[in-house]
Protein chains: 2
Amino acid sequence: MLTSTVENYLKALLMLSNQGEKRVSTGDLAKSLGVTPGSATSMIKTLAEAGLANHKPHYGVLLTDEGRTLAVHVVRRHRIIELFLVNILEMEWDEVHVEAEQLEHVVSDEVIARMDKLLEYPTIDPHGDPIPSADGTFIERPVHQLSQCEEGQRVQVARISDQNSSFLKFAESHGLTPGATIEVQRRNEHADSITLQSNEEEITLGFTAANRIEVELVG
Amino acid sequence: MLTSTVENYLKALLMLSNQGEKRVSTGDLAKSLGVTPGSATSMIKTLAEAGLANHKPHYGVLLTDEGRTLAVHVVRRHRIIELFLVNILEMEWDEVHVEAEQLEHVVSDEVIARMDKLLEYPTIDPHGDPIPSADGTFIERPVHQLSQCEEGQRVQVARISDQNSSFLKFAESHGLTPGATIEVQRRNEHADSITLQSNEEEITLGFTAANRIEVELVG
DNA sequence: CACTCCTTTTTGATTAATCAAAAATTATAC
DNA sequence: GTATAATTTTTGATTAATCAAAAAGGAGTG
Ligand SMILES: [Mn+2]
Ligand SMILES: [Mn+2]
Ligand SMILES: [Mn+2]
Ligand SMILES: [Mn+2]
């Protein structure tokens with residue numbers, strides 16, 4: 001059985017490699033997990049020895065097919081749990097990530113299967129992220145960054161790529177939740193900001209914030 | 001924060017001290033957790049240093065009030081989770097113990113509170129065990145062992161004090177679940193057995209098995 | 001009170017995960 | 001092409017939890 005720590009490293013590698021192409025640097029991996037580079041190096045070796053990752057010293061690390069499959073299943077558990085917590089236990093969307101971060105390592109396949117059924121085989125989590133299917137299929141919807149949308153464009157919020165609780169609370173309070181339709185009013189490259197019409201209300205975001213919101217173009 | 005291991009030791013101590021009176025021996029504690037006596041001794045010291053237990057070397061260990069409170073909350077989490085898995089996720093009563101043994105260490109108070117509400121503040125778990133209340137109240141119903149009931153006695157199953165999956169399956173298949181009413185037909189001290197009428201069916205149990213079934217006397 | 005038996009504790013090692021700080025390596029700049 | 005900066009790896013220590021086996025302690029028997 002894999003330890004929680006190993007599962008967290010696998011998941012981080014999957015996310016950082018952007019679902020499979022480019023090698024991940026030790027430093028990025030360490031930063032994303034909040035450990036020192038030395039700790040990351042040491043775990044990378046462990047993963048490589050277990051056949052879960054491929055390590056080219058000084059040039060980065062990449063999951064093997066086996067490692068990727070395991071990582072995708074951790075992500076599946078994480079997202080099903082998040083949706084379960086929101087839809088069944090009626091928790092807030094900004095608090096379920098932290099909870100799922102722990103639960104993903106201990107819930108059995110049986111429990112996940114039951115949650116999946118109760119939720120009627122969902123494909124999207126509370127933050128708009130796709131839920132990998134039980135057979136390991138994991139597809140990213142092609143989406144655009146809100147920060148790069150043009151003036152006058154009508155778009156639909158697809159996902160929020162930031163799990164920070166206070167950012168999520170902020171987004172929700174301005175109607176920026178998956179599925180919401182908004183319109184880009186103004187875009188000011190110099191001011192580093194974009195102004196939106198959402199929920200009868202006008203709101204201006206800096207590009208950094210707008211970067212965390214991904215959208216789909218509407219009609 | 002307490003580690004899972006510490007929580008498991010606290011819970012074992014609570015159970016073995018029969019809710020608070022007698023000292024627990026290192027050997028019994030080790031056996032109940034499946035570790036060597038040396039491991040138990042070492043953890044007992046850790047608990048004593050943390051003020052969670054009181055250790056009299058060579059004479060046993062007992063939880064302090066603080067340790068007991070923590071242990072009771074672990075038991076509360078365990079039993080709410082078990083009931084949740086059975087009632088909401090429709091899992092079998094013989095598989096939820098193993099699951100809860102892991103989940104009890106990671107679910108937040110928030111999640112427990114939500115489950116508690118959804119279950120309408122239950123007081124008994126799927127095996128008939130009492131669920132301690134949020135304020136730490138933990139009362140055992142006074143019950144009798146089925147093995148000591150007299151012939152002709154009508155009783156109601158109160159709890160099954162064995163979490164073994166196959167024993168639970170067996171009990172269920174003969175209608176021996178909490179709430180069921182049964183009648184003692186015969187009792188044979190020499191044969192070490194007791195015969196019951198349950199569910200239109202007659203069934204004979206050895207005293208060892210009957211010991212694991214606790215009952216309440218019926219009018 | 002000495003001997004034996006059983007239990008408990010101690011000792012010494014091991015494993016997983018981590019950090020701080022030193023050493024090595026790669027990339028970049030002159 | 002050597003010096004410098006940044007990143008990565010290595011080294012040595014630490015913590016929690018465990019085990020096997022040796023040492024110590026307690027209780028009962030004669
Ligand atoms: Mn996690
Ligand atoms: Mn999510
Ligand atoms: Mn447990
Ligand atoms: Mn139970």
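Each chain gets a letter, A, B and so on, in the order the sequences are listed, and its residues count up from 1. Only this structure's heavy atoms are used, side chains among them; waters, hydrogens and symmetry mates stay out. Keep in mind that what you see is a predicted model, and the values were worked out from it rather than measured.
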| task | Sugar-phosphate atoms are those with a prime plus P, OP1 and OP2; base atoms are the rest. Using that split, label each nucleotide of nucleotides 1-18 of chain C B, S or - for protein heavy atoms under 4.0 Å, 5' to 3'. | result | -------SBB-----SSB
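For Ala191(A), the side-chain contact (heavy atoms from CB on, under 4.5 Å) partners two or more places apart in sequence, or in a different chain, are Asn188(A), Ser193(A). When the side-chain contact (heavy atoms from CB on, under 4.5 Å) test is applied to Asp192(B), the partners found at least two apart in sequence or on another chain are Phe207(B).
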Exercise answer: donor-acceptor pairs, residues 37-53 of chain B side-chain atoms, under 3.5 Å, sequence neighbours excluded:
| from | atom 1 | to | atom 2 | distance (Å) |
| --- | --- | --- | --- | --- |
| Ser39(B) | OG | Thr36(B) | OG1 | 3.1 |
| Thr41(B) | OG1 | Pro37(B) | O | 3.1 |
| Thr46(B) | OG1 | Ser42(B) | O | 3.1 |

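Applying the ring-ring contact (aromatic ring centres under 6.0 Å, His included) test to every pair with at least one member in residues 56-91 of chain B, sequence neighbours left out, gives these pairs: Phe84(A)-Phe84(B), His78(B)-His97(B). Contacts classified as ring-ring contact (aromatic ring centres under 6.0 Å, His included) and involving residues 109-145 of chain B (residues at least two apart or in different chains) are given here: Trp93(B)-His127(B).
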